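Everything on this sheet refers to the single structure shown next.
In what follows, every heavy atom counts, from backbone to side chain, and hydrogens, waters and symmetry copies are set aside. Bear in mind that the values here come from a model prediction, so they are computed numbers and not experimental data.
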Number of protein chains: 2
Amino acid sequence: MKLKKMEISERVVQRLTEYLSILKEVRKQYNEINSIELAKIMNTTSAQVRKDLSTFGEFGVRGKGYDIDNLIEIITKILGIDKINNVIIVGHGKMGEMLSSNLDVLGEGFKIVGIFDKDKNKIGKTAANNLIVQDIQNVDEFIKNMKNNSDTRIEMAILAVVKEQAQIAAEGLVKSGISAILNMTTYKLELDKNIKVVDMDISAKLQELNFWRINNISEKI
Amino acid sequence: MKLKKMEISERVVQRLTEYLSILKEVRKQYNEINSIELAKIMNTTSAQVRKDLSTFGEFGVRGKGYDIDNLIEIITKILGIDKINNVIIVGHGKMGEMLSSNLDVLGEGFKIVGIFDKDKNKIGKTAANNLIVQDIQNVDEFIKNMKNNSDTRIEMAILAVVKEQAQIAAEGLVKSGISAILNMTTYKLELDKNIKVVDMDISAKLQELNFWRINNISEKI
DNA sequence: TAGATTGTTAATCGATTAACAATC
DNA sequence: TAGATTGTTAATCGATTAACAATC
């Protein structure tokens, strides 16, 4: 799939993940959908739906709409979750445990292939997904051993350490070859700009929500 | 604090939560900061920092910059986390358990005052934070009993049920008086527009991250 | 006062939307 | 063909940034 490089905005990618989730839901009842119906569920305009999708190609049929299965397949490919992407979990506290024990939370397309912690009491224990928690000191060797086979290669990490360890842990991961980090800590990582970081901060989201609640003004969409 | 209603964008509020997190970190070393330094950590421009802050008032000193403690206090107030906001957790699976056992995850300003589930095996058990898991059928009574005292009133819920139950559970909460929901499910809730919803979808964030990784283009800031 | 940095205006940039030709 | 809905262009709207007067 060819993407017009540098021309895709963060917003479009975010909406793409929303479209996918909605389409999977709607598919339970329907085979087809048009931009007007999809826009309604998304709380946006049909023009935006069509524009977003047309960023990646022509997937609709004029006069008819979109085939839902087709759209699901295409978005799945665009997001790279048509194949399994290996992920390691770094930090096996409450958050890390939730991730390794909750089979559904990562969704399709991702597989946890390693769990690391620095706590001697946790190292060696078997997590709910049957992986053994490894010493964070061995993460470099682990990643490098896996990197020569595209099926085992690891480029993504979920960072679930305590805030205080976030920066140093992230730097170590980058040195070992990790190029994408889902940052579950509240620490704002400062890394080389070719490293992709997406932040996932529950307390920040709660703060946002609270702001809108107490100010009782409608969020712009 | 007076806000110019309807004139605050979602982006500004999101950045406000980031400023707060960064300022708390920087405060460990410094007392003051200027818009240039703050912008550098935020990966944005000093103009944006000043514009964002000036949305809410004049907090800086010309020629000097901002007093960090002062800024922290102000943002804390704007986000309404200078007081305790009561929250209930609905759904006590892996995600709900993580939330009720991880003391830090909600951050300051929020307090879990109730945990609800519909699973008979969970109801009556004591969670890690010493609250007893209650039958979801009692949530309406619980919320209504609390609502006449501003210290006990509950307006926020964290929705951590399985996707299939999300819509129906959310509708119930709204009927009981909940006006703000942090939605941890992948289901796109459809509720009255005066109900505030913030989505927190780990799989969606992973998908986003994966997109940027495989396309290796820089996200716009 | 001179130097520095804010707060704000105006210019720019980018994202959303309306409108419509293309076409199923 | 007539009706419907896409894909895309052009217009609009909103957010970001540059620039600078205000002022500490």
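A salt bridge does not link A/E25 with B/K188: every distance from a Lys NZ or Arg NE/NH1/NH2 to an Asp or Glu carboxylate oxygen is 4.0 Å or more. Using a cutoff of 4.0 Å between basic side-chain nitrogens and carboxylate oxygens, A/E171 and A/K175 are not scored as salt-bridged. For the pair B/E18 and B/R15, the salt-bridge criterion is not met [side-chain N within less than 4.0 Å of a carboxylate O].
Rounding to whole angstrom units, CD1 of residue A/I36 and C1' of D/dG3 are separated by 13 Å. Between the C1' atom of C/dT16 and the CD atom of B/E10 lies a distance of 15 Å, rounded to the nearest Å. Regarding A/Q14, its CD atom lies at a distance of 10 Å from the P atom of C/dT16, rounded to whole Å. Straight-line distance from the CZ atom of B/R50 to the P atom of D/dA18: 10 Å, rounded to whole Å. Taking atom NZ of residue B/K51 and atom P of nucleotide D/dG14, one finds them 13 Å apart after rounding to whole Å. The interatomic distance linking B/L53 (CG) with D/dT16 (P) rounds to 14 Å, in whole Å. Residue B/E37 contributes atom CD, which lies 8 Å from atom P of C/dT5 at whole-angstrom precision. Going from atom CZ of A/F56 over to atom P of D/dT8 covers 14 Å, rounded to whole Å.
Each of B/N86, B/T152, B/I178 was evaluated against B/I143; a single residue qualifies, B/I178, per the side-chain contact (heavy atoms from CB on, under 4.5 Å) test.
Using modelled atom types, one side-chain atom of B/N85 and one backbone atom of B/G80 make a donor-acceptor pair closer than 3.5 Å. When atom types are taken as modelled, the side chain of B/S21 and the backbone of A/T186 share a donor-acceptor pair closer than 3.5 angstrom. For B/E37 (side chain) and B/N34 (main-chain N/O), a donor-acceptor pair under 3.5 Å exists by modelled atom type. Judged by distance alone, the side chain of A/N210 and the main-chain N or O of A/I214 form no donor-acceptor pair under 3.5 Å.
Note that CE of B/M98 and CD of A/E97 are 11.0 Å apart. Values are rounded to the nearest 0.5 Å.
Between D/dA4 and A/Y66, no contact under 4.0 Å exists linking OP1 or OP2 to a side-chain N or O. Here A/T44 reaches the OP1 or OP2 of C/dT17: one of its side-chain N or O atoms lies under 4.0 Å away. Remark: A/R15 is in phosphate contact with C/dT16, judged by side-chain N or O atoms under 4.0 Å from OP1 or OP2. OP1 or OP2 of D/dT17 sits under 4.0 Å from a side-chain N or O of B/T45.
Between B/I22 and B/I33 there is no side-chain heavy-atom pair separated by less than 4.5 Å. Side-chain contact check for B/K94 versus A/V105: every heavy-atom pair is 4.5 Å or farther apart. Looking only at side-chain heavy atoms (C-beta outward), A/K24 and A/I72 come within less than 4.5 Å of each other.
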Extract from the structure each pairing of a protein N or O with an N or O of nucleotides 22-24 of chain D at less than 3.5 Å, listing the distance.
residue, atom, partner, partner atom, Å
D/dA22, N3, B/R62, NH1, 2.9
D/dC24, O4', B/R62, O, 3.4
D/dC24, O2, B/R62, O, 3.2

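Listed by residue number, the members of residues 24-35 of chain A with any heavy atom below 4.0 angstrom from DNA chain D are A/N34, A/S35.
The side chain of B/E58 lies closest to C/dT8 when the candidates are D/dA15, C/dT8, C/dA18.
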Worksheet item: Would you write out the dot-bracket form of DNA chain C, 5' to 3', with Watson-Crick and G-U pairs under 3.5 Å, [ ] for crossing pairs, | for pairs to other strands and . for unpaired bases?
Response: ..||||||||||||||||||||||

